[in-house]
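The structure appears below as structure tokens.
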Amino acid sequence: MVATANAGKVRELTESLKPLGFELLVQGELGIASLPEVGCTFVENALAKARHAARESGLPAIGDDSGLVVPALGGAPGIRSARYAGEPADDERNNAKLRRTLAAHANAGGRGHRDAFFTCTLVYLGAPDDPAPLIATGRWHGTIIDSPRGHNGFGYDPLFLVAELGKTAAELTVAEKNRLSHRGRACRRLAALLESA
């Protein structure tokens, strides 16, 4: 079971894990509400989500926490990526706030202010009280651009330029994104951990 209500994450996890032999249920399909994110790190949030879903369902669970990190902004948006511009979560408002914040940072003489990376942490629990969770992470480095490009993906994808392709994450095909992305990398690492467990 996947412990997320984010449709974009569900789609990417399903696409990445299905070829590896995984069939996923989403917690909402079983009437399980999302757990508020109160951790200080991606690992804490992913672990809490997985424990909650496993406890409520009685099934093994995968918790996902991910976001965009801009080192020049002290790691923001970071674990607040989905709600960077406040509640309710809104991709357009989050992207607008990121562009404004980066522009202000550049005007203040900030260097390397556009370097960024997406990070994803996946936690697998075989049971709610599993004392040895499997933890897989993935990072995807890029640059934040001024104007959004592309209509695929979600979140900050239209602003995240993949230098080696000259495209934003929102301009990539599903297959390209799964091959390169933080979530795709974390899924492959999780699959390897499960095979060797």
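Any value given below was found using the heavy atoms of this structure, including those in side chains, with hydrogens, waters and symmetry copies removed.
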Is [Y] close to [X] at the side-chain level, that is, under 4.5 Å between some pair of heavy atoms?
| X | Y | answer |
| --- | --- | --- |
| P148 | N95 | no |
| R114 | L102 | yes |
| P60 | L125 | no |
| K97 | T101 | yes |
| L165 | L180 | yes |

May I ask whether [X] and [Y] are part of the same hydrophobic cluster, defined by side-chain heavy atoms of I, L, V, M, F, W, Y residues being less than 4.5 angstrom apart, directly or through others?
| X | Y | value |
| --- | --- | --- |
| L47 | I32 | no |
| Y84 | L159 | yes |
| V162 | V69 | no |
| L193 | V123 | no |
| F154 | L68 | no |

I'd like to know if the side chain of [X] and the backbone of [Y] have a donor-acceptor N/O pair within less than 3.5 Å.
| X | Y | answer |
| --- | --- | --- |
| N45 | G39 | yes |
| N178 | G184 | no |
| E195 | A192 | no |
| Y156 | S81 | yes |

May I have the list of side-chain donor-acceptor pairs in residues 127-145 shorter than 3.5 Å, sequence neighbours left out?
{"unit_1": "D129", "atom_1": "OD1", "unit_2": "R55", "atom_2": "NH2", "d": "3.3"}
{"unit_1": "D130", "atom_1": "OD1", "unit_2": "A132", "atom_2": "N", "d": "2.9"}
{"unit_1": "D130", "atom_1": "OD2", "unit_2": "G126", "atom_2": "N", "d": "3.0"}

If you compare all heavy atoms of [X] against all heavy atoms of [Y], which two are closest, and at what distance to 0.1 Å?
| X | Y | value |
| --- | --- | --- |
| A61 | A50 | CB-O, 3.5 Å |
| A89 | A82 | CB-O, 3.2 Å |
| P71 | A116 | CD-CA, 4.3 Å |

Cut-off 3.5 Å, no hydrogens considered: what does the side-chain donor-acceptor table look like for residues 167-177, sequence neighbours left out?
{"unit_1": "T168", "atom_1": "OG1", "unit_2": "R149", "atom_2": "O", "d": "2.7"}
{"unit_1": "T168", "atom_1": "OG1", "unit_2": "A170", "atom_2": "N", "d": "3.3"}
{"unit_1": "T168", "atom_1": "OG1", "unit_2": "E171", "atom_2": "N", "d": "3.3"}
{"unit_1": "T168", "atom_1": "OG1", "unit_2": "E171", "atom_2": "OE1", "d": "3.4"}
{"unit_1": "E171", "atom_1": "OE1", "unit_2": "R149", "atom_2": "NE", "d": "3.3"}
{"unit_1": "E171", "atom_1": "OE1", "unit_2": "R149", "atom_2": "NH2", "d": "3.0"}
{"unit_1": "E171", "atom_1": "OE1", "unit_2": "T168", "atom_2": "N", "d": "2.8"}
{"unit_1": "E171", "atom_1": "OE2", "unit_2": "R149", "atom_2": "NE", "d": "3.4"}
{"unit_1": "T173", "atom_1": "OG1", "unit_2": "E176", "atom_2": "N", "d": "3.0"}
{"unit_1": "T173", "atom_1": "OG1", "unit_2": "E176", "atom_2": "OE1", "d": "3.4"}
{"unit_1": "E176", "atom_1": "OE1", "unit_2": "T173", "atom_2": "N", "d": "2.9"}
{"unit_1": "K177", "atom_1": "NZ", "unit_2": "E12", "atom_2": "OE2", "d": "2.4"}
{"unit_1": "K177", "atom_1": "NZ", "unit_2": "D157", "atom_2": "OD2", "d": "2.4"}

Applying side-chain contact (heavy atoms from CB on, under 4.5 Å) to E37 and K49, what does each step give before you reach the verdict?
CA-CA 8 Å; E37 295 179 357; K49 292 176 189 179; 2.7 Å; yes
Just how far is it from atom [atom1] of [X] to atom [atom2] of [Y], taken to the nearest 0.5 Å?
| X | Y | atom1 | atom2 | answer |
| --- | --- | --- | --- | --- |
| I79 | S66 | CD1 | OG | 12.0 Å |
| L24 | I62 | CG | CD1 | 5.5 Å |
| D64 | F42 | CG | CZ | 10.0 Å |
| Q27 | S57 | CD | OG | 9.0 Å |
| R185 | L122 | CZ | CG | 13.5 Å |

Determine whether L13 and R183 satisfy the following criterion, side-chain contact (heavy atoms from CB on, under 4.5 Å), listing intermediate values before the conclusion.
CA-CA 7 Å; L13 286 166; R183 191 163 291 107; 3.8 Å; yes
Using the ring of each side chain (for Trp, its six-membered ring), is F118 parallel, tilted or perpendicular to H182, with breaks at 30° and 60°?
parallel
In this structure, are over 12 heavy atoms from other groups packed under 6.0 Å from E92 atom CD?
no
Per the salt bridge (Lys or Arg N to Asp or Glu O under 4.0 Å) rule, what does the pair list look like for residues 117-127, sequence neighbours excluded?
none
I'd like to know whether D65 forms a side-chain contact (heavy atoms from CB on, under 4.5 Å) with T41, so could you lay out the CA-CA distance, the side-chain angles of the two residues, the decisive distance to 0.1 Å, and finally the verdict.
CA-CA 9 Å; D65 199 32; T41 67; over 6 Å; no
